[in-house]
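These figures come from a predicted structure and were not determined experimentally. In what follows, chains are A, B, ... by sequence order, proteins preceding strands, each numbered from 1.
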Amino acid sequence: MLSTKPKAYKRFSPIGYAMQVDELSKFGVDERIIRKIKERGISEFYPPQAEALRSGVLNGENLLLAIPTASGKTLVAEIVMLHKLFTGGGKAVYLVPLKALAEEKYREFKTWEDLGVRVAVTTGDYDSSEEWLGKYDIIIATSEKFDSLLRHKSRWIRDVTLIVADEIHLLGSYDRGATLEMILSHMLGKAQILGLSATVGNAEELAEWLNAKLVVSDWRPVKLRKGVFAHGQLIWEDGKVDKFPPQWDSLVIDAVKKGKQALVFVNTRRSAEKEAGMLGKKVRRLLTKPEARRLKELAESLESNPTNDKLKEVLVNGAAFHHAGLGRAERTLIEDAFREGLIKVLTATPTLAMGVNLPSFRVIIRDTKRYSTFGWSDIPVLEIQQMIGRAGRPKYDKEGEAIIVAKTEKPEELMEKYIFGKPEKLFSMLSNDAAFRSQVLALITNFGVESFRELIGFLEKTFYYHQRKDLEILEGKAKSIVYFLLENEFIDIDLNDSFIALPFGIRTSQLYLDPLTAKKFKDALPQIEENPNPLGIFQLLASTPDMGTLSIKRKEQESYLDYAYEMEDYLYRSIPYWEDYEFQKFLSEVKTAKLLLDWINEVSEAKLIEAYGIDTGDLYRIIELADWLMYSLIELAKVLNAGGETIKYLRRLHLRLKHGVREELLELVELPMIGRRRARALYNAGFKNVNDIVKAKPSELLAVEGIGVKVLERIYRHFGVELPLLKNIKDPDKPEDKPKEKPKPKKGTLDYFLK
DNA sequence: ATAACGATTTCGCGCCTCGCGGAGC
DNA sequence: GCGCGAAATCGTTAT
């Protein structure tokens, strides 16, 4: 087969490797592409970029590019994609791990549309039929979305000639790595693969698996100084020492005094908020008048809710915090304001390091330990180095600084481990049973794998097998999962030992559900039919592995247990005993269920946040998840031949869950710009259905709380009527006034829920 | 002597995050 | 593994 051994360019000296953009023509790259790059003001490539472009990737060879963030991986990918499209046609797929990143890349790649290249983004947030995507040349997708598209056997998949896997090292992430690994296993040999990675311990091994050339470098466009701070001493990697006041916050003040910014990584949300408050107070007086004014404007533009109020308070001081409790709108607002230089200090949980590109002159790592499922552990070197990599803003700073704060740790050890140390090796996460289960199911139900032998044959293509080379373990694992699938009627087997995909299994896989979730749904279905009720259903949703669990506080336990007993008749399971290992989990499921129940009974956001001890972002996420699972439950119920009445009941409940309303508002809430709040206001003002609204005078509607001219305009447009200048309205009952398509608010914004 | 209240010490609790679906007359 | 708030203990003062 392919005999070319992958070659590693490990040590490379930048000197002599420079490459002019013009030289691309030597590789057959189209003039238009070259011109476009030069228009961006780029005339020469960075050394690692040159190295990558020379590696053979432009001739269609696979490449693994392991270089630091912001050293120009994206540009390489862009050139390779464009070149491929210009010479070979087909489609390029760009895989990202985060929705936010998908959007970021979309904005970047859109500039190529001048050359007639069509760019599309598809994530769970965007509706996107396969046909629609077929029209595009570059498709940006999250790994999960692409995996899902593969399972749906989208037509255009066979046109894909290039896969770019951004952040390919996430293949080693516990819960999501397997997805990426399987996508690559599917596409290996069918499309060219370009992997973009952070530096990892075993890049060679990964490249070997991908049959790819390997380019590794630690070259950066901005110089980077690394150091450790311990009690007033800032010890640089070269041994030099700077004196500071004893507290680490002096590093932040110092940066801001120099007219720069600081990014501080901490390990809890609470710390992020606390430190932002503390730092804000010290940084406030260094702001210029116009800055202070702009910040105030920004803060005022934020909607008021318990989480945002905390944010507003620090924002006016030129500080901010960034964590998953924030809504998405708030997060991007902060990111933009930091990029603009308006926010001087940003404190963040480690999420930020793997997310959008947000560089800062100085990066301070306050914590190197974190709480995870297995208790406390050191944050992996890989992750810390990603944080470190955020130091230095390419266009603004000559040099970036990354400083790890030592508290109880010995400074030398931190230095050794995180600054000079090698990042961890990547391990295949098909070893994670949950991931493996779902992938094996997909292979059988969606990818036409017909026998056990064939299954093993495919699995031999994975990184898992490449890495372990242990057929026995692989077969053992596969066997136990096949049994599970057989036992629960996801699949069947005929007399010749051929697999038969059953509808239940097929749908489960297409819905992208964990088979365990599907099993739970299936088992509970008879009880739902017998006694349909929101609480029971919500508890069921909350008990699935696909729904993250809400943490429960010690002090809350008793009251939720009482609640569970009170509601025992509504639940589809018995209440476990205190000694049961699942007791804790059960209570947190009850808590989640109760939250959802409150939500559909129109309890205000602020009250929910307060009562359940969560942030806005959490609320939003829980509801989104429940919404998705509810939909999946309905789909599976259909496959399992549930009664028509049950399906109808579930559908209404799904709508209520989606919008957070009681029954009576379901009609109103379908209108654009009308969410739970405005719908309630309208209803209480006597406008109880669409007809009432249509008949009402605009002035009457404007008198309702929360209904302004803009909203009204939008509603009238929905009916195909211009807002009459508060005079006469067209007869609304004419059917042609109703437009075909219902415009929806963009999912993923806060407005989606508050409308 | 002791209630009352403020200051200081001890105790135990809670801690990080991301993605997945998709219907029209 | 550690910060934080609550609870517990200690300390001071007023009556």
Side-chain angles (χ1 to χ4, degrees), chain A residues 95-102 122-130 132 141-152 167 170 173-180 265-275 322-326 328 348-355 366-380 383 407-409 435 438 442 507-514 517 544-549 551-557 613 617-618 621 624-636 651 654-655 658 735-736 738-742 744 747-748:
Chain A
L95 297 175
V96 290
L98 261 55
K99 292 177 187 172
L101 276 179
T122 174
T123 66
D125 276 357
Y126 285 92
D127 297 356
S128 46
S129 64
E130 72 161 68
W132 178 78
T142 51
S143 305
E144 285 78 6
K145 181 66 183 194
F146 187 69
D147 190 22
S148 158
L149 289 166
L150 281 176
R151 293 182 187 194
H152 284 271
E167 316 272 347
L170 287 177
S173 98
Y174 181 76
D175 50 344
R176 296 180 59 206
T179 312
L180 185 55
F265 286 104
V266 297
N267 65 3
T268 65
R269 289 181 184 186
R270 190 135 65 132
S271 302
E273 291 174 10
K274 193 201 86 177
E275 304 294 23
H322 187 287
H323 60 60
L326 260 38
R328 280 203 209 149
T349 50
T351 355
L352 194 72
M354 68 164 280
R366 198 203 69 172
D367 302 312
T368 54
K369 291 190 167 72
R370 134 183 83 197
Y371 188 82
S372 65
T373 11
F374 314 106
W376 278 87
S377 53
D378 286 347
I379 296 175
E383 269 181 60
K407 280 166 291 180
T408 54
E409 305 89 350
S438 140
R507 203 69 190 109
T508 298
S509 174
Q510 285 185 335
L511 287 165
Y512 218 77
L513 286 176
D514 184 325
T517 300
T544 65
D546 278 313
M547 181 119 187
T549 40
S551 78
I552 188 151
K553 295 185 176 77
R554 195 79 114 229
K555 273 190 251 157
E556 294 172 333
Q557 288 194 11
D618 304 313
R621 222 181 1 268
E624 196 183 37
L625 266 169
D627 173 19
W628 167 52
L629 286 172
M630 192 69 206
Y631 172 82
S632 303
L633 173 61
I634 296 169
E635 290 300 303
L636 286 183
R651 282 225 173 96
H654 180 211
L655 279 176
K658 208 181 181 79
E736 65 264 32
K738 313 228 172 187
K740 283 174 204 150
E741 232 181 352
K742 249 184 276 169
K744 272 200 244 175
K747 216 175 156 188

request  = With heavy atoms under 4.0 Å as the rule, sort A:S632 into base, sugar-phosphate or nothing.
outcome  = nothing
query = Which word best sums up how the rings of A:Y631 and A:H654 line up, parallel for under 30°, tilted for 30 to 60°, or perpendicular for over 60°?
reply = tilted
ask   = First contact, last contact: which nucleotides of DNA chain C are these for chain A, 5' to 3', heavy-atom distance under 4.0 Å?
value = C:dG1 to C:dC4
query = For A:K99 and B:dC20, is the shortest distance between a side-chain N/O and OP1 or OP2 below 4.0 Å?
reply = yes
query = If you pin A:L513 and A:A324 to their nearest nucleotides in DNA chain B, which one's is more 5'?
reply = A:A324
Aromatic ring of A:Y512 stacked on base six-ring of B:dC20, 5.5 Å, 30° = no
key: Closest listed nucleotide, where the reference is the side chain of A:R507 and the choices are B:dG19, B:dC20, B:dG22   = B:dG22
note = Atom CH2 of A:W628 and atom P of B:dC18 are separated, to the nearest Å, by 16 Å
ask   = Can A:Y512 and A:D546 be counted as having a side-chain donor-acceptor contact under 3.5 angstrom?
value = no
task = Verify the contact: side-chain N or O of A:T123 to OP1 or OP2 of B:dG19, cut-off strictly under 4.0 Å; return yes or no.
result = no
key: Side-chain N,O (A:K369) to OP1/OP2 (B:dC15) below 4.0 Å   = no
task = Determine whether A:E167 and A:M354 make a side-chain contact, defined as any pair of heavy atoms from C-beta on separated by less than 4.5 Å.
result = no
inquiry  = How many whole angstroms separate atom CD1 of A:I379 from atom P of B:dT17?
reply    = 12 Å
ask   = For the pair made of CG in A:D514 and C1' in B:dG19, what is the distance, rounded to whole Å?
value = 13 Å
key: A:H152 side-chain N/O to B:dG22 phosphate OP1/OP2 under 4.0 Å   = yes
note = Applying side-chain hydrogen bond (donor to acceptor under 3.5 Å, both in side chains) to A:Q510 and not counting sequence neighbours gives A:R507
message = If the cut-off is 4.0 Å, is A:R176 near the phosphate of B:dT17, judged by side-chain N/O to OP1 or OP2?
response = no
key: A:Y371 OH to B:dC13 C1', straight-line distance once rounded to whole Å   = 11 Å
key: Phosphate-side-chain proximity, A:S173 and B:dC18, N/O vs OP1/OP2 below 4.0 Å   = no
inquiry  = With a 4.0 Å limit, can you tell me whether A:T179 has a side-chain N or O closer than that to the phosphate oxygens OP1/OP2 of B:dG19?
reply    = no
message = So, using side-chain hydrogen bond (donor to acceptor under 3.5 Å, both in side chains) as the criterion, who are the partners of A:T351 when residues are at least two apart?
response = A:T349
inquiry  = Strictly below 4.0 Å: does A:R554 bring a side-chain N or O up to OP1 or OP2 of B:dC13?
reply    = yes
note = Per nearest nucleotide of DNA chain B, the residue lying toward the 5' end, A:L98 or A:G613, is A:G613
ask   = In whole Å, what is the span from the NE2 atom of A:H654 to the P atom of B:dG21?
value = 13 Å
request  = Using the test side-chain hydrogen bond (donor to acceptor under 3.5 Å, both in side chains), find all partners of A:S271 that sit at least two apart in sequence or belong to another chain.
outcome  = A:T268, A:R366
key: Watson-Crick or G-U stems of DNA chain B, 3 or more pairs, under 3.5 Å, by first number   = B:1-15 with C:1-15
Per A:Y631 side chain, nearest of listed nucleotides B:dG19, B:dC15, B:dG21 = B:dG21
query = Using the P atom in both, what is the distance from C:dG5 to B:dC16, to the nearest Å?
reply = 14 Å
Inter-nucleotide P distance (B:dC18, C:dG1), Å rounded = 26 Å
message = Could you work out, with side-chain hydrogen bond (donor to acceptor under 3.5 Å, both in side chains) as the rule, every residue matching A:K553, not counting sequence neighbours?
response = none
